[in-house]
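First comes the structure, then the notes that go with it.
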Amino acid sequence: GVAREMMENVESADWGPDGNNLAVVRVDNAHSQLEYPIGKVLYTNEGYISDVRVSPKGNWVAFMNHPVHGDNRGSVMVVDPGGQTKNLTQEWNGEDGLAWSPDGRWIVFASTRAAQLRSSRPIGVTLIGSRETGVAVMPLVKGESLRARMLDADRAKARRSECASACRSATSGIARS
């Protein structure tokens, strides 16, 4: 079909697992707000919110919280349907891309540290937030970005098994909390 605008001032969106509800980040001059479903505000900040992703079961919404508008530094957070938030990571100098593991136990994102501003690396974190670990990913095809690969893994059912395998590989040997 033909693309059409559904809402104004939306910078990020993701479908819930039922295919009927949409999580959106709306922006105005003063703040960003995360809504899920549309109209129910779960989180607001004065910087910006990016990379919103609904968990496979629809019981969490993950996002990158950037306290300063225009600054890519921030942390990975989740919010439940009641508006309770959890900050899962420390502040990173740069964040980009975010995906849930198919079982909803891990969140994978790309990030950089101060000393590594030119190279992002994939990081996995649990909902407990106590485990940040490097994640094994399949080699990128020439010209493919890590963000594109992560978003593809999050959305394409054919790639779900690859993502699950990478998450299992990266987390094998880590004690479960």
Answer yes or no: is there a side-chain heavy-atom contact under 4.5 Å between [X] and [Y]?
X	Y	value
V41	L34	no
L98	M64	yes
D51	F63	no
N72	H66	yes
Y36	N21	yes

Closest non-hydrogen atom pair, [X] against [Y]:
X	Y	result
S101	P56	O-CG, 3.4 Å
S32	G47	OG-O, 3.5 Å
K57	P17	C-CG, 3.7 Å
R26	I38	NH2-CG2, 3.3 Å
H69	Y48	CA-CD2, 3.9 Å
W60	K86	CH2-CE, 3.9 Å

From the list V52, T85, D80, side chain to side chain contact (heavy atoms under 4.5 Å, CB included) partner of V61 resolves to V52
The single option from I49, N9, D14, V10 that satisfies side chain to side chain contact (heavy atoms under 4.5 Å, CB included) with V24 is V10
Given 3.5 Å as the limit, does a donor-acceptor pair link the side chain of [X] with the main chain of [Y], or not?
X	Y	answer
W100	W106	no
T89	V76	yes
N87	Q90	no

For [X], give me all partners under side chain to side chain donor-acceptor pair (under 3.5 Å), at least two apart in sequence or on another chain.
X	answer
D71	R73
N59	S55
D28	H31

Exercise for review: Would you please test I107 and V78 for side-chain contact (heavy atoms from CB on, under 4.5 Å) and show each step?
Suggested key: CA-CA 10 Å; I107 298 170; V78 292; 3.7 Å; yes
Same cluster for W15 and M7 if Ile/Leu/Val/Met/Phe/Trp/Tyr side chains link at under 4.5 Å? yes
Rounded to the nearest 0.5 angstrom, the OG-CZ distance for S50 and F109 is 11.5 Å
